[in-house]
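Keep in mind the model is a prediction, meaning the values are calculated, not measured. Ligands are counted one by one from 1 in listed order, and the atoms in each one are counted from 1 as well. All residue numbers in this chain count up from 1 along the given sequence.
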Amino acid sequence: MSNSTRTDTATADATAPIRNFIDGEWTPATSADALDIMDPGTGAVLGQVPLSSASDVGDAVAAAKAAFPGWRSTPPVERARVLFRLQGLLKEHQDELARTLSREHGKNFAECYGEVQRGIENVEHACGIPTLMMGDTLEDVARGIDCETIRQPIGVFAGITPYNFPVMIPLWFWPYAVATGNTFVLKPSEQDPLTHQRVVELAREAGLPDGVLNVVHGDKAVSQALMEHPDVVGVSFVGSSEIARIIYQTASAQGKRVQALGGAKNHMIVLPDADMDLTTDAIVSSVYGSAGQRCLAGSQIVGVGGAYELIRDRIVEGAGSVKVGYGLDPDTFMGPVISGAHRARVEGFIETGEREGASVLLDGRGYTVDGYPDGHWVGPTVLEGVDPAQTVGREEIFGPVAGLTRVDSVEDAVELMHRVEYGNATSIFTTSGRAAREFRYHAGISMIGINIGVAAPMAFFPFGGSRASFYGDLRAQGKDAIAFYTDQRVVMSRW
Ligand code: NAD
């Protein structure tokens with residue numbers, strides 16, 4: 001890999017926009033419009049992202065369409081070998097990737113390293129494609145007649161991904177899409193697209209043929225062009241529920257397959273018999289890790305009966321001791337939020353909460369960090385007396401804010417959760433197996449933690465919510481990913 005290529009992409013200077021990746025080449029966007037990519041901890045400009053046009057999308061889809069016949073007829077075991085090589089390169093560069101990621105996203109190094117690890121695990125899982133993609137057969141479905149199913153790739157898929165996991169979430173999608181023999185066009189988040197550029201460089205180094213994976217940078221205009229393109233057969237999306245709904249409606253109206261993962265409002269239910277130290281650690285790290293910018297972040301802490309006062313005081317103490325700072329400083333637990341606009345949004349939620357009757361037990365508004373006057377800081381915040389009748393009790397805040405509520409029973413906790421439209425994740429903290437089992441049975445939420453604050457399914461299990469947190473049928477990762485990116489043909493034969 002030449003140094004000049006790297007300068008054009010992952011280590012872009014602030015003067016030239018990063019490039020799209022089309023048909024194996026780093027290609028400048030045709031439009032001159034671009035946005036700054038910021039370091040949210042310092043406010044420094046790290047580079048620029050182009051706002052590509054529909055014609056750039058057309059070029060990328062054409063390259064992906066042209067690459068499809070050759071790639072689909074490449075034996076799965078050979079496709080898997082490219083991913084094996086990519087897995088090795090990602091491991092080799094994990095430190096470097098985590099550092100770039102921390103700079104453009106703001107979260108601490110350990111969180112970034114963990115995110116890259118979760119991405120690598122998806123590449124590892126996709127390496128099993130020769131087995132994962134197998135169909136079924138049954139002899140003699142009628143006398144002398146056999147029946148088999150074959151899973152076949154479909155064509156060009158598109159991915160549209162959010163800012164909060166800019167390495168891992170694209171890797172929920174394109175490794176499975178290409179392992180199954182499809183080709184892919186990715187539109188990463190325009191807020192932090194740099195680290196994934198490096199991932200693409202590594203994919204090329206691993207031997208991914210030209211046109212199999214393409215990247216077009218930009219904003220909603222690029223998403224729109226992808227959704228409307230007649231040669232795109234399906235769309236994988238992750239982002240806020242408002243946009244997930246638009247993507248699902250628009251792309252499915254065009255006859256495409258869609259999986260659209262949306263936002264979240266996750267409840268953490270604490271029973272009086274819980275191990276309060278373990279519970280506090282799990283909740284504090286769930287709420288404040290990544291400055292609350294995770295779809296699995298705890299948002300509403302629900303104390304059942306006598307658990308309420310116990311957990312409230314511990315959460316306030318734990319939140320107050322969270323070390324806020326620059327992501328690459330070694331003792332930082334919580335970094336900044338992604339942008340000044342997002343900081344204003346989170347602070348606006350805290351204000352609304354106060355106005356609607358919540359008590360502010362810990363206030364993160366106007367937070368500063370020594371040495372970083374231009375960072376987008378919001379301090380850990382705790383609001384008491386929050387329920388779904390209030391904006392902060394029902395809407396996704398996506399910042400370091402815990403809402404506290406007291407209920408009398410687990411049934412009341414479930415009823416409270418169901419008054420919120422989201423259905424992404426929830427956790428229960430208890431030492432009672434029976435209570436946990438009852439909760440799991442009735443929760444009606446897709447990802448459930450039992451004494452776990454961030455119930456993140458590993459690569460071989462499906463990832464995705466329900467209700468307003470998910471639009472579609474097949475989720476990300478696991479067997480769902482294989483089903484989403486393939487069509488089953490059923491063959492009946494008599495000889
Ligand atoms: P976002 O919805 O603002 O943007 C997501 C992507 O959609 C970006 O690539 C963006 O450019 C594009 N986009 C924005 N507006 C669009 C429009 N009108 N039409 C088409 N495309 C558009 O989300 P974000 O702020 O980048 O990410 C945070 C959100 O993602 C949160 O709501 C979070 O809960 C959610 N999220 C969900 C999961 C999950 O597994 N369910 C995982 C991670 C993040």
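Of the N and O atoms on the side chains of Glu104 and His196, not one donor lies less than 3.5 Å from an acceptor on the other residue. With 3.5 Å as the limit, one finds no donor-acceptor pair spanning the side chains of Glu228 and Gln254.
When the heavy atoms of Trp172, Tyr422, Tyr163, Phe463 are ranked by distance to atom 26 (O) of ligand 1, first place goes to Tyr163. Ranked by closest heavy atom to atom 41 (N) of ligand 1, the top entry among Ser446, Gly465, Gly262 is Gly262.
Atoms of ligand 1 lying under 4.0 Å from any heavy atom of Ile169, numbered from 1 in the order shown and given with element: 42 (C), 43 (C). Of all atoms in ligand 1, numbered sequentially from 1 with element shown, those under 4.0 Å from a heavy atom of Ile247 are 20 (C).
Residues meeting the side-chain contact (heavy atoms from CB on, under 4.5 Å) test with His229, sequence neighbours left out: Val61, Asp231, Val232.
Within the 4.0 Å heavy-atom shell around ligand 1 one finds Phe237. Distances from ligand 1 to the non-hydrogen atoms of Phe398 include at least one value under 4.0 Å. For Ile338, the heavy-atom gap to ligand 1 stays at 4.0 angstrom or more.
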For residues 443-456, which side-chain N or O atoms pair as donor and acceptor with protein atoms under 3.5 Å away, sequence neighbours left out?
{"from": "Ser446", "atom 1": "OG", "to": "Gly465", "atom 2": "O", "distance (Å)": "3.2"}
{"from": "Ser446", "atom 1": "OG", "to": "Ser466", "atom 2": "N", "distance (Å)": "3.2"}
{"from": "Ser446", "atom 1": "OG", "to": "Ser466", "atom 2": "OG", "distance (Å)": "2.9"}
{"from": "Asn451", "atom 1": "OD1", "to": "Thr430", "atom 2": "N", "distance (Å)": "3.0"}
{"from": "Asn451", "atom 1": "ND2", "to": "Thr430", "atom 2": "O", "distance (Å)": "3.0"}

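When Thr42, Asp329, Asp39 are each tested for a side-chain hydrogen bond (donor to acceptor under 3.5 Å, both in side chains) with Tyr372, only one passes: Asp329.
Within a 4.0 Å radius of atom 34 (O) of ligand 1, the protein contributes at least one heavy atom.
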